[in-house]
Amino acid sequence: MLYGTIKPLKKKKASVFLCGLRRLCGNAKPGNLVDLATDCSNMETYGKILLIAMPAFLLLVLFEKWYGWYKKKETVHTMDMLSSLSSGVTNVTKDVLGIYLVLISYPWLVNHLALTHISSSLIVYIIAFLALDFAGYWVHRIQHVTNFFWNGHIIHHSSEEFNLACALRQSISSIVRIFVIFLLPAALLGVPRQVIEVVAPLHLFAQFWYHTQHINKMGFLEKIIVTPSHHRVHHAINPEYLDKNYGQIFIWWDKWFGSFQEELPDVPPVYGITRPARTWNPIKINFQHIWLLIKDAWRTASWKDKFTLWFKPTGYRPADVAAKYPVYKIEDVYHFEKYSTPASGAFKAWCWMQLLMVLLFVSYLFGNIALIKNIDSSYIFWYGGFIFLSVYALTDLMDGNVSAFICELVRCSMGIGFLVLQNDWFGAKAYTPFITYLLEGYFIISLLVTGWWTIQIRKRVMAVQ
Ligand SMILES: [Zn+2]
Ligand SMILES: [Zn+2]
């Protein structure tokens with residue numbers, strides 16, 4: 001049974017849709033439209049956790065790059081890493097803003113369906129961890145094998161490399177959350193929502209470390225937990241490895257439910273997706289697959305396909321549109337060209353600097369949610385939009401598109417607009433009185449330098465033609 005109603009949205013005078021979604025969680029109480037991650041009381045806490053987690057993940061990503069250089073086994077390439085990091089920025093921004101709708105919530109499940117109550121705190125935490133891992137396995141498997149749900153996971157597999165940064169590629173496109181239903185075992189056992197709230201981020205962060213090629217097989221641990229070797233198989237597109245090892249922490253689910261595949265010594269994993277993304281832009285990648293499905297449903301002459309293609313196995317396309325509008329698919333995984341774009345040392349340095357600026361901007365948001373909301377409740381959404389636009393402009397430039405200048409122009413105008421209207425940067429004057437001058441200078445320089453790079457891109461394109 002799906003629980004929830006859209007009515008609270010209508011009651012509030014939500015001027016924009018995003019604000020409407022956000023305000024739903026203003027009514028946060030069990031039984032209302034509310035989810036663990038969108039509970040407003042948790043939003044600031046989650047922002048604070050990310051303030052610690054983000055630099056920690058960034059340092060580990062950089063350490064892996066250094067280690068690869070030191071061991072002469074490079075697994076981290078700058079443009080791909082920047083793309084992964086910017087994807088991580090979009091995902092955490094979306095999560096902190098709580099831009100999604102929950103049709104069924106864990107608090108509702110546990111309040112209505114709990115059959116028992118567990119008092120021992122250690123046992124309840126262990127059960128919560130196992131329940132989350134069980135739910136994670138099935139959600140992950142459904143995402144892989146169903147056309148529609150694959151769109152919500154494709155970003156995670158979109159890198160053609162395999163490294164710690166890939167772990168940060170997480171979705172922004174799943175707007176409606178329905179998979180809480182898989183936490184039914186936890187709800188029946190009466191695991192309190194507060195326990196799930198604590199364990200869920202730990203369970204998520206514990207999936208970071210195994211995205212690496214620098215750790216080989218790990219002895220007896222291979223039988224119990226998901227190791228780098230198991231997860232290399234999961235990210236590989238070799239026919240032997242495709243759609244295997246869905247486990248998140250424990251590997252036994254794969255062994256029990258028939259989806260386990262060991263990494264074979266004579267089959268080196270080739271990473272990515274069979275219909276390559278061919279872009280560094282995480283926002284485009286998040287919607288590429290669903291856009292193809294929408295186009296296919298529109299174009300196909302088969303009425304049956306129009307309604308059913310969404311729930312067919314991942315990759316399914318109606319025969320008529322597949323013939324008329326073919327999509328490139330990697331057939332021979334050992335002979336295809338990985339996506340790359342021309343990037344000089346200076347260009348990479350510029351992209352790095354821009355990414356660091358985005359990280360500074362987003363850190364300010366995460367550390368000051370209450371302050372920003374106090375000034376004006378709609379400001380965090382404007383700020384979120386600015387972050388998304390920043391990522392889009394940066395990765396569009398990395399892709400070598402001249403349209404990056406237009407994106408940068410809109411972004412810098414937005415930034416300067418905020419500064420002029422507020423005579424401040426979302427309350428940051430309290431920390432740095434000169435912030436408006438600093439940021440005005442930054443936006444002007446950023447626009448000029450991006451303009452210069454787009455002229456170079458234009459010259460390069462003309463020279464090829
Ligand atoms: Zn996956
Ligand atoms: Zn992964």
Side-chain angles (χ1 to χ4, degrees), residues 53 57 60-61 64 75-77 80-81 83-88 90-92 95 132-174 179 182 200-215 218 222 225-251 253-255 257-263 269-277 282 285-286 288-290 313-315 330 333:
F57 287 151
L60 287 165
V61 164
E64 190 188 28
T75 62
V76 185
H77 300 280
D80 186 77
M81 170 172 55
S83 174
S84 299
L85 292 169
S86 43
S87 175
T90 58
N91 170 260
V92 288
D95 277 356
L132 277 167
D133 208 48
F134 173 77
Y137 171 85
W138 282 107
V139 173
H140 192 185
R141 188 164 176 167
I142 289 169
Q143 286 176 324
H144 269 261
V145 299
T146 321
N147 236 355
F148 177 74
F149 294 116
W150 173 236
N151 191 70
H153 186 54
I154 194 168
I155 181 77
H156 184 65
H157 288 264
S158 57
S159 172
E160 290 168 341
E161 311 295 335
F162 185 72
N163 48 48
L164 290 175
C166 294
L168 305 176
R169 292 189 181 223
Q170 297 287 338
S171 172
I172 56 166
S173 54
S174 37
F179 286 133
F182 284 97
L202 294 175
H203 183 262
L204 179 69
F205 293 158
Q207 297 166 44
F208 175 73
W209 73 278
Y210 52 60
H211 290 84
T212 182
Q213 296 180 55
H214 293 296
I215 300 175
M218 300 179 72
E222 296 285 319
I225 57 166
V226 175
T227 62
S229 173
H230 294 327
H231 206 61
R232 285 195 285 272
V233 166
H234 179 67
H235 275 254
I237 53 172
N238 312 56
E240 295 87 344
Y241 296 155
L242 210 57
D243 294 334
K244 292 287 191 296
N245 299 1
Y246 301 112
Q248 299 190 315
I249 299 298
F250 297 110
I251 196 66
W253 311 116
D254 283 290
K255 297 196 174 181
F257 300 119
S259 51
F260 177 69
Q261 173 61 55
E262 200 170 344
E263 189 180 23
V270 179
Y271 305 105
I273 42 181
T274 53
R275 288 177 192 157
I285 300 172
N286 263 283
Q288 265 181 350
H289 183 68
I290 196 81
T314 300
I330 296 170
V333 299

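Values below: all heavy atoms of this structure, side chains included; hydrogens, waters and symmetry mates excluded. Counting starts at 1 for both ligands and their atoms, in listed order.
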Taking the side chain as every heavy atom from C-beta outward, state whether Ser229 and Tyr210 have any atom pair closer than 4.5 Å. no
Partner set under side chain to side chain contact (heavy atoms under 4.5 Å, CB included) for Val76, not counting sequence neighbours: Glu64, Lys65, Met81, Asn163
For His230 and Glu222, indicate whether the former's side chain and the latter's backbone hold a donor-acceptor pair under 3.5 Å. yes
Can you tell which of His234, His231, Arg232 makes a side chain to side chain donor-acceptor pair (under 3.5 Å) with His211? His231
State, yes or no, whether a side-chain contact exists between Phe250 and Ile225 at a heavy-atom distance under 4.5 Å. yes
So which protein N/O/S atoms does the Zn ion (ligand 1) have within less than 2.8 Å? His140 NE2, His144 NE2, His153 NE2, His157 NE2, His234 NE2
Can you list the residues that meet the ring-ring contact (aromatic ring centres under 6.0 Å, His included) rule with His203, with sequence neighbours excluded? Phe129
Within residues 145-163 or reaching into it, pairs that qualify as salt bridge (charged side-chain N to carboxylate O under 4.0 Å, His left out) - sequence neighbours excluded: Glu161-Lys338
Identify, by name, the N, O or S atom of His211 lying closest to the Zn ion (ligand 2). NE2
Checking only N/O/S atoms, does His231 have one that is under 2.8 Å from the Zn ion (ligand 2)? yes
